[in-house]
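For reference, the structure discussed in these notes is given below.
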Amino acid sequence: MSDEAVVSDGLSRVDQPWWRSGTIYQIYPHSFADSNGDGLGDLPGILSHVDHLQWLGIDAVWLSPVYPSPQHDNGYDVSNYRDIDPRFGTLDDCDRLIAALHERGIRLIMDLVVNHTSSEHEWFIEACASRDNRYRDWYIWRDARPGTVGGEPGAEPTNWGSYFSQPAWSWHESTQQYYLHLYASQQPDLNWQNPAVRDAVYELMAWWLDRGVDGFRMDVVNLISKPSDLVDGVVVAGAAFADPSPFVRFGPRLPEYLAEMHERVFTDRPADLVRIGETPGLTVEQARRLTRTRECGLDMVFQFEHMEIDRKPGDRLSPVALSIPALRGNLALWQTALATEGWNSLYGNNHDQPRLVSRFGDPSPDHWSASAKAVALALYLLQGTVSMFQGEEIGMIGATLRTAADFRDIRSVNYLRAAAAAGLDETVVVEALRLTARDNARTPVQWTTAPDAGFGSTDPWMPVAEHPPTITVEAQRVDPDSVLHFYRALIELRRTHLVIADGATRMLDTGQTPIMAYLRETVAETMIVVANLSSASQPVPELLGQNLRAASTPLIQSGAYAGANSLAPWQAFAAFLPGATPKGAP
Ligand code: GLC
């Protein structure tokens, strides 16, 4: 970890894009609010809660896919990019949502899923019709491996596994070739080398922008460029397939495609339209390269490294103990690398990750509230754009997952199936998934203390997580000390103090303690942020103590006060430091 910091000029720039100090709120439509009682959330449900979003003070909503889809991957398998799935509503509902958000000063960011389509998209249906169909080359087809019989195990063109525990190739019997899918077999990868594919994507993006949306969150966008020659990868011990990531996570033409997208879609449009790239596996240099200037095509990355600190390397579904020093080190690495060029997202959970308080906090009744606040404070006062997830603002905890039958997500289901085929003990696999599965984040939002949690259906597609009545919007709205009010204050703080958007970050060395402490500095001011990320009191290291004695009254805080020499469990706060103080490391 480096604590080198680059201090910006400290000027408040009136021309800085909104997202530098802004907060984006992700809505996962399946689980937000159900207006018609069919068990699935929908657009009218979202419309009924826009006042909550306004009260919270967020700047933009990122809406997970609501397009027509067979829902194999909950909408990340799009079968028509220019419509709304009837399960979620209509295009009129979508227009109403755009208008209702805009009236409240909130932007709408659509999810753009164009690394792959659904296998039910008409492009793929056409492509499957014959080898000489005009859409054939819109996808990635290969013959069976020489000397093998297509469709038999081992005949796949390469030994790649998909990210959902299957081979990355599926055999298409009637045209006698394999197609590539980095995710489920129902999610064939588009062939971005084909200019017609790129044209079609740029056109559909323009179509949504013309409709009034304010940008895109681009699903796994760093995977869109594949090398022309697809070759075998390395199969690590114990794995069934090779990981394709080394070949596809920063493919040869990725920067070119993103620059072209900028040129074709955004040059003549307002500069505040945002482009967020979901980019698993990028290095800091690659991230910088894609977000350095607006012409690069992305305004920020949404990378995963801090989400992998408590996972077995290469296996996102196997947990290992969380090390706060390791987390701190990784956050510092990204802060420093993108300090003056490029931009990062700050997030701790989303629809693909377990709930923040269950993972980095302590959901037990004694610590739930303080830990939810401390973790948010430690993470969201860094430099970057906050991307928070529905229900996070009330400290929602993970799903109640007891047996294999409780999992709905295709990734969990495929993983369980593969584990069973490999002869693994199901109880052990379920125990791991209970902590790591995406299902954790996908339970209905708990709006009220009513039996359906105010979600709107008595039999929702995923059961409401077991929770105390305090973990509801209703209960927390009337409690000024709640997690909800804390989030609101934090969002406001980010907007008020430009040092949070602009300042350099200097991580303070707190050794092997679970204390995260850092400075945010411009030439004009220094903010100190301290968080004890543990359920035990911690002695304050000397350098930190010197800073704390000089700090002003906290701007925001969580947990009890434990005196000058120690931090109470989950005690966290931010304060300004006056001019001449002991600050950074020696
Ligand atoms: C992204 C989405 C995830 C989806 C995958 C394939 O990572 O966030 O939910 O399964 O891409 O589209």
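We count ligands from 1, going down the list as the structure has it; atoms in each ligand are counted the same way. When reading the values below, keep in mind they use all heavy atoms of this one structure, side chains included, and skip hydrogens, waters and symmetry mates.
Listed by first then second residue, pairs satisfying salt bridge (Lys or Arg N to Asp or Glu O under 4.0 Å) with a partner in residues 182-198 read Asp189-Lys226, Arg198-Glu260, not counting sequence neighbours.
Within the set Asp111, Asp219, Asn74, the minimum heavy-atom distance to atom 1 (C) of ligand 1 is found for Asp219.
Interface atoms of ligand 1 facing His116, defined by a heavy-atom separation under 4.0 Å, are 6 (C), 12 (O). For ligand 1, the atoms sitting less than 4.0 Å from at least one non-hydrogen atom of Arg438 are 3 (C), 4 (C), 9 (O), 10 (O), numbered in the order shown with element in parentheses.
Closest protein heavy atom to atom 7 (O) of ligand 1: Glu278 OE2, 2.8 Å. The shortest contact between atom 8 (O) of ligand 1 and any protein heavy atom is with Asp352 OD2, 2.5 Å. The protein heavy-atom contact nearest to atom 10 (O) of ligand 1 is Asp73 OD2, 2.5 Å.
Of the N and O atoms on the side chains of Gln26 and Ser387, not one donor lies less than 3.5 Å from an acceptor on the other residue. Side-chain contact annotation: Asp137 with Asn191, donor-acceptor N/O pair under 3.5 Å present. Using modelled atom types and a 3.5 Å distance limit, the side chains of Gln177 and Arg136 yield a donor-acceptor pair. There is a side-chain donor-acceptor pair under 3.5 Å between Trp169 and Thr158.
Contacts between Phe302 and ligand 1 below 4.0 angstrom, taking non-hydrogen atoms only, are absent altogether. When non-hydrogen atoms are compared, ligand 1 lies under 4.0 Å from the side chain of Arg217 (C-beta onward) but not from its backbone. Residue contacts with ligand 1 for Arg411 are absent, since no atom lies close enough (heavy atoms, distance under 4.0 Å).
Ligand 1 has Phe164 within reach: a non-hydrogen atom of the residue lies less than 4.0 Å from it.
Between Tyr28 and Trp461, the angle of the ring planes lies from 30° to 60°, which puts this pair in the tilted group.
At least one test fails for Arg20 against the ring of Trp18: distance under 6.0 Å to the centre or angle within 45° of the axis.
Distances between N or O atoms of Tyr183 and those of ligand 1 include no value under 3.5 Å.
Interatomic distance, CD of Gln446 versus CD1 of Ile471, reported as 6.5 Å (0.5 Å rounding).
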